[in-house]
Amino acid sequence: MLERIRDKQRKTAICLLAVFLFFVLSATIAFIAVRTQYNIIFNSSNQLSKEIAQKLALLDKINGCSTSMYVVLSNDQLNSDELNRKSSQKLIDSLHNDIDQAISKMDALIIDRKEKLFFEQFKAASLAYTQFAGTYTRVPQQNEKLVDQKNESDEFNSSFAIFSMHMQLLVEYEHIHIKKIANESNNELSGMGKAVTLILTGCVLVSVLVAVIAFWLYKSLVLNYARLEEATSEKEKVTQRFASILNTLPANIALLNNEGTIVDVNNAWKLFAKENGFAGDNYGIGSSYIRGTYSNTPVAIQLQKMIGGELQQFSVIYPCHAPDKKRWFELLAKRENELTNAGIVLMHIDITEKQESEERIKQSKTNLRQIIDLVPHLIFVKNIRGEFILTNKRFAELYGVESPKTLKTKLIMETIPVLEQGEKFMAEDKEVIISGKTKVNPEAFFTDFTGEEHIFHTTRVPYYIAGTNERAVLGVAIEITAQKKAEEELKKAEANYREIFEKASDGIFILDIETGRIINANQKSLNITGYSKDELLAAHPSEISSLNPCFNRNTANRNIWMAEKSGHNIFEWELTKKDGSIHWIEVSCTIANIAGTERIISFFHEIDDRKSAECALRRSEEELRALFSAMTEIVIVLDAEGKYLSIAPTNSSNPYKPAEAVIGRKIQDIMPQENAGKILQYVELALSGLCTVSFEYNLCVGEKDAWFEGSITPLPDNTVFWIARDITERKMGEMDRTKITHDLIQRNKDLEQFAYIISHNLRAPVANILGITSALHSMQLGQDKEKQMKSDLKTCTKKLDDVIKDLNYILQVKREVTERKEILRFSELLTSIQLCIDGMIRKADVQFITDFTAVDEMEAFKSYLYSIFFNLISNSIKYRRPHTPPIIEIFSRKYDNKIELIFRDNGLGIDLEKKGSQVFGLYKRFHSHTEGKGMGLFMTKTQVEALGGKISVHSQVNHGTEFRIEFDNVNKMEETNRSLQLLNQ
Amino acid sequence: MTHDFIIVDDDPINNMLCQLIIEQRFATVCTRSFVDPCDALAYVEATYSNADAPPTILFLDINMPALTGWEFLNVFESFTAAIKEHFKIYMLSSSVDPKDKERADTNANVLAYIEKPLTIESLDCVFSRL
């Protein structure tokens, strides 16, 4: 308000000053304008006056000249002599000039129209005069006569007169003109002066008026301002007090305007804001409490209602927990002034302590209630009328109501499931209330709403209901139903155990663990021992040592089984009865805790019958064992599925696997699948046919191949008896024999073949000889033909001889052996052959690759080994591939007591698929392009075999051939030699 | 009825003798002999695919290097029927192995087994059987 007033004052003062200045300014401008105008007018009239004065001066000059001219001319007429005339002529011309100049000057100054009219007339008069003056002064010609002199002079005078008149007129006019101008300017100037005076006066008057008004206004404003100043300071004081009151209040207070915007806050608010980090720019002043982030909160909604006038005030309690502590606040919102629609006061009051104490009370109440409810016992408070004041949850449960609240104020007689019990309880309650003494009922029976019996140990104490002083009873009932039942059960069990003890079919002693005395003995034990119970209980341990081994066994053993304490320790014992007879008993000893003390319990019964049976069994078993140990077969019992049930302890030298490794397992898991399957088949066969099945099979035992003869016999309980005998030796012998027979047959065949071949080769030349001789004999042949035939005959005979020689050679090799075996070096052998066929080697450009590092020597017949090397090398050279230099590789290997020699070439090769069977045949040839009898490889084979070796061939046509010669160990070699010799004989 | 003769044997003396015997028996007959059975096969295949080739009697030795008589027959078996129908094959060998005789009897392409040497009598025997 004050500000506004001050503002208005300032504005008014400025306005007034502006008006005043405006008027002063306009007056000044007007004055200057008039002043300027005045000057212009003044100057122009001055100018005009000057021009007119000029014109008048010019006119004077013209007048003077004209007058002078007149005088001159007037004189000339008189003297008229020629010289004079000429000088006057000159004078007149100069005057004439002056006049013309003056006129032209005058002409430039003429502006006025009327003046111009006068001037034109004057000019014309002047021109006429001067022209006349010219002619007049002209010098007359010689023959001319000055006639009309008189006349001319007249005329000249009149023109001068006219000129003078016009001159006069013009001057006059100019004078009038000048006067007029002076008048006009005077008039104008005086008018202007009046106007200026008027304006200035007006301005001064208005200014004064305005100044007066301004002063008045200012005066009144200053007065007003002072008053306002006073009022304002008064209000400020009130406001300050109000603010200090507001700031000293501990609540956080915010003043809201009617839009819900915070207008002001107190110190507590600011402090709170600072502490909690939301002071922001201005502690929230200026921000809205009902819009933005606060909209839709309950407080905002309530505030909006207040703004809308629906509410005058409200309060809300809310938690506002800091990270380190719990806080509660109460928000009070109230109108500043309820009568007007003033702003709203918001007050946040910290009510944490109050809230906390309330919470604590609530919590301790809840705790108490919980304790009461959680106690498994019954807690109740009743008054003398039997009305429930307090009960707990368990109580309510047994009454079959939902919660203790339901029971409150109800009467016991209305709610108890069994009325008689209720009356009893009421009576007990009354007794306590009246007597004021505690009462305990150790065994109160109560039937709950489901009809189940409960037994309680109930304690009742007198009780005053808080705040009323009314007498009541507080009872706590502890349920003892289970204990009671257990007690009963125990009693029953005790009786049962006693019964069992006495009626047991075994004799039972209970012994003291320290002394060994009998503490208790049952009826059966008395029967078995023949003593009475009293005798037994009174007997010293040493006296009864023959009765029971449990205590008086030797100390070491006893300690062991006592230390173990695990279950029963069973002994067989010879018991001497009271009557002296001896019987076998089986005694079982154990340690048991009887009524808190460790005792030895001994059970025993007579086993005389079993003992004798056992003896018989043991005897028969021993016999069986002896029988088995005499057997070398493996004896196994299998079930139908092939499971090993048992293995007899026979003296078999060759068990497949130890008995413990196979018992309980199936044959499929132990033997190779093939054998197991076969044996299972036999088992099935034996079981289905109920007959013994015999078979042979081989097995790998350890690393050796073993043969067995098996027989499977069905047993009555669907199991079988499988006896296996090791027949490996016999089998091996058989196999050896088979092999020898096979070898013999093969050799026989070879020999037969040899015979055929020999006979064929013998017959071929013989046939030819036969043919030729018959031809020679019976045909008529030409001379040449005959000669040819004879030569052929010779060839054939030679061939026949060759064959016979071959045969001899072969047979020699085959039967041998005059030569002695010696140690031969392969490398030396090769060198001597290379030397022997050096020419052939050179010619064919043969390359040898040899390696005898593995083994370089062996014992053999020199001629044979030489022949073998020679044949194979010469074959490789003979049957080389054309255009390919032969490469012969020879090397030796040694393994498993065998020597192997390998000859490899890169020659033509042999088609083994077709000729494989004939490679080593006698007179077999595979290449027709080179000579050869087909003896080489046959002989090689024969010689290799004679040395106890074997030869094999690998070859690929056009790639080469490889021969492998394998010699077995020496012993075998000799053996073979012997058999060969035998064969040949 | 005239026949041509082909003799396959690695023994040139035998071939010469056979030729002599055949010429003795049939003066105008055409006789060819081959030392290498491969050459003989090549000749047969080349000449006898023609339908108007003459019927021919072939004497075949068994023991020959490179190709035995049996192997010769295996190759011959693979020839077309047109070639084969021209031939009557006789094994001519000095072998006394009963297996060879057996094989000759069982082979469809062989008519008979003749033991060396070939004589006019055995030749007549051949023809009497034709």
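Here is the naming used below: chain letters follow the sequence lines, and residue numbers restart at 1 for every chain.
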- Side chain, backbone, both or neither: which part of T119(B) has a non-hydrogen atom closer than 4.5 Å to chain A? neither
- Would you say R964(A) has more than 12 foreign heavy atoms packed within less than 6.0 Å of its CZ? yes
- So, do F26(B) and H3(B) have ring centers that fall under 6.0 Å from each other? no
- For the pair S955(A) (side chain) and I910(A) (backbone), establish whether a donor and an acceptor sit closer than 3.5 Å, ignoring hydrogens and angles. yes
- Message: Is it the case that atom NE2 in H954(A) sees more than 12 heavy atoms from other parts of the structure closer than 6.0 Å?
- Response: yes
- Task: Tell me, yes or no, whether the heavy-atom count around D784(A) atom CG, taken from other residues, nucleotides or ligands under 6.0 Å, exceeds 12.
- Result: no
- Message: Taking side chain as everything from C-beta outward and backbone as N, CA, C, O, which of these in D11(B) sits under 4.5 Å from a heavy atom of chain A? Side chain, backbone, both or neither.
- Response: side chain
- Query: If contact means a heavy atom pair closer than 4.5 Å, which residues of residues 13-23 of chain B contact chain A?
  - Reply: I13(B), N14(B), M16(B), L17(B), L20(B), I21(B)
- Parallel, tilted or perpendicular for F59(B) and Y90(B), by the 30°/60° rule? tilted
- Message: Please classify the contact of S778(A) with chain B as side chain, backbone, both or neither, using a heavy-atom distance under 4.5 Å.
- Response: neither
- Message: Any carboxylate oxygen within less than 4.0 angstrom of a Lys/Arg side-chain nitrogen, looking at D61(B) and K116(B)?
- Response: yes
- So what's closer than 4.5 Å to chain B heavy atoms on A764(A): side chain, backbone, both or neither? both
- Is D801(A) salt-bridged to K805(A), going by a charged N under 4.0 Å from an acidic O? yes
- Does the T795(A) side chain pair with the main chain of S791(A), one donor and one acceptor, at a distance under 3.5 Å? yes
- Message: Below 30° counts as parallel, above 60° as perpendicular, anything between as tilted: where do the rings of Y48(B) and Y43(B) land?
- Response: perpendicular
- Query: Is D105(B) paired with K101(B) through a side-chain N to carboxylate O contact shorter than 4.0 Å?
  - Reply: no
- Contact residues of residues 77-86 of chain B (partner chain A; heavy-atom separation under 4.5 angstrom): none
